[in-house]
Protein chains: 2
Amino acid sequence: MTSPARQRILDTATRLFYTEGVRAVGIDRIIAEAGVAKATFYHHFPAKDELVTAYVEDQGQRQRALADELPEGPGRERLLTLFERMGEFGSLPGYRGCPFINAAAEYPDRSHPVRKAVAAFREWFRDLMLSLLKDARHPTPEETADILMIVRDGVAVGFDLDDPAVVRASIRETVTRVLGPAQELS
Amino acid sequence: MTSPARQRILDTATRLFYTEGVRAVGIDRIIAEAGVAKATFYHHFPAKDELVTAYVEDQGQRQRALADELPEGPGRERLLTLFERMGEFGSLPGYRGCPFINAAAEYPDRSHPVRKAVAAFREWFRDLMLSLLKDARHPTPEETADILMIVRDGVAVGFDLDDPAVVRASIRETVTRVLGPAQELS
DNA sequence: CTATATATAGACAGACCTGTCTGTCTTCAA
DNA sequence: TTGAAGACAGACAGGTCTGTCTATATATAG
C-alpha cells in the first residue's frame, strides 16, 4: 500500500514538523533526513501543503488508534483514563504541545485542508467524550462534552507552556470537578 | 519616548503576525505596510526576532491594561467577569487564537526570548487569578488557579478552532463548576 | 523481453528571505 | 550654523525556499 520511501518521508516530516514547526522545516531538510530523492518526494506529495495535510491527518489516525487501546470499563472510568493518558504523553521529554493546535496556529485559513483535518479530529474527539458521558449516564452530556473539550485543549497547551508536573497533578481534580459526582446506576 | 515610525512598525507587525503567523510574514511586507524605510526598521529592531519579542511583550502589556479595567467587586465576580471578557474577545470576527500560544507554537526553544515573554505573561495571569481566588476566600486557591489556567487556555483555543457561540455558552458553567459553590463571608 | 512504477542524484529557475549599505532629506538643538 | 538623530528610497548580497527537470537505475508484472 504505502511505499517505504513515502513512509520515511512522512515519518521524518512528522518528527520535524512537530518538534520545530511546519514553516520552520524546508523540503530539502526533509528529503535529506529521510534519505530520499527530491523527485521521489514530489512524486508522493505534489506540494508541501499536501505533506502537511497528510501529517495532520496521520496524527488523527494515531489518536484514534490510541483511543482504541483504552481499557474496557464504565464510561466515567474510561474518561478519567483518557485524561490520565494525556498526562502521560504530556510529561514525556519530547512533548511540544498538541500537533493540531500548533498546526492550526500556522494555518489561519479555516478553509485550508490542514484546518479541515484539525476540525475533523476535534469532532471525532468530542463525539468520543460525548459517548463516554452518555455511557456514564451523565445528566448533561452535551454541555459537559463542550466543557471537557476546553479542558483537553488547556491540558495539551499547559504541558508545553507550564510545568508538566503541575498540570499533571491538576488533571484528575479538574475532570472530577467538571464531571461532578458519579451518577447512580438506574 | 517611542517614535511614530517605531510605533507604526510594531502596530503593523502586531496585525500581521497575529492574523497570519510570525514566519508567514516577512520584513519587506512589514516595512511596506508600515510605510517605513528598511534602514529605519533595522534602526529600531536590529533583527526580526527582536520585533517578534517586542510584539509578544506588547501583547502582555495590553493584557495587563485590560485587567486593570476590570470593575471593582468581590474576587469571585471579578473572576467571572474576566472570563466573560475572554468570551467577548473570542467572539469578535478577527479572533485568531491566543497570541501567546500561537507564538509559542512557532518558537519551540524554551530559552528563546519569545518563550520567556510568554512565560512571563502566564505567571502574571496565574497570579492575577490566584489573588482573585484568595479574595473570594476560595478553599483551594493554588490548586484552583492551576485549573483555571487550563480553562483559560482551552477557551482561548476553542474560540479559534470551534464554534465561538458554543464556547461562549460554556464558559460560565465551566468556571462555576471549577470554582464550586460560593464561599460564605467569614 | 518489455513496459511501467519506483527509486536514485542533483542541476536549475525564480521567488522570497534577512540583513547591509549608500546616499539624501528634514528637524532640532547646541 | 553646524552637527546629530531620525527618517526616507532602494540597490545589493547571500542564503533558502519551493518546485521542475534531466538522466539513470532497478524491480516487477504482463
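Lettering follows sequence order; numbering is per chain, from 1.
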Gap between atoms CG and C1', on A:Asp28 and D:dG15 respectively (whole Å)
12 Å

Between A:Ala39 and A:Val22, who's closer to the 5' end of DNA chain D by nearest nucleotide?
A:Val22

A:Ile31 CD1 to C:dA9 C1', in whole Å, measures 10 Å

From OG1 (B:Thr174) to CD1 (A:Ile147), nearest 0.5 Å:
3.5 Å

Whole angstrom is fine here: how far is it from CD in B:Gln7 over to P in D:dA7?
12 Å

A:Arg29 atom CZ is separated from D:dC17 atom C1', nearest whole Å, by 14 Å

Does B:His44 make a side-chain N or O approach to OP1 or OP2 of D:dA7 shorter than 4.0 Å?
yes

Rounded to whole Å, how long is the line connecting atom NE2 of A:His43 with atom P of D:dT22?
18 Å

Presence of A:Arg23 side-chain N/O under 4.0 Å of D:dT18 phosphate oxygens OP1/OP2:
no

Phosphate-side-chain proximity, A:Ser3 and C:dT6, N/O vs OP1/OP2 below 4.0 Å:
no

Side-chain (A:His138) to main-chain (A:Thr144) donor-acceptor, under 3.5 angstrom:
no

Kindly point out which of C:dA7, D:dG19, D:dA7 is positioned nearest to the side chain of A:Tyr42?
D:dG19

Out of D:dA9, D:dG6, C:dG10, whichever nucleotide has its closest atom nearest the side chain of B:Ala37:
D:dA9

Nearest whole angstrom, please: distance from the P of D:dC8 to the CZ of B:Arg6.
15 Å

Verify side-chain contact (heavy atoms from CB on, under 4.5 Å) between A:Leu161 and B:Arg115, making sure each step is shown before the conclusion.
CA-CA 8 Å; A:Leu161 301 185; B:Arg115 285 292 279 252; 3.7 Å; yes

Run B:Val22 and B:Val114 through side-chain contact (heavy atoms from CB on, under 4.5 Å) and show every step you take.
CA-CA 11 Å; B:Val22 174; B:Val114 166; over 6 Å; no

Judged by each residue's nearest nucleotide on DNA chain D, which is more toward the 5′ side, A:Ala47 or B:Arg8?
B:Arg8

Under 3.5 Å donor-acceptor pair, A:Lys48 side-chain atoms to D:dG19 base atoms
no

Please report, rounded to the nearest Å, how far the C1' atom of D:dA9 is from the CZ atom of B:Phe41.
17 Å

Counting only side-chain N and O atoms of A:Thr40, is one of them less than 4.0 Å from OP1 or OP2 of C:dT6?
no

Going by modelled atom types, is there a donor-acceptor pair between the base of C:dG10 and the side chain of A:Lys38 at under 3.5 Å?
no

Between CD1 of B:Ile9 and C1' of D:dG6 the distance, given in whole Å, is 11 Å

Would you list the atom pairs, donor with acceptor, under 3.5 Å between side chains in residues 94-102 of chain A and any protein atom, with sequence neighbours excluded?
| from | atom 1 | to | atom 2 | distance (Å) |
| --- | --- | --- | --- | --- |
| A:Tyr95 | OH | A:Ala156 | O | 2.8 |
| A:Asn102 | ND2 | A:Arg96 | O | 2.9 |

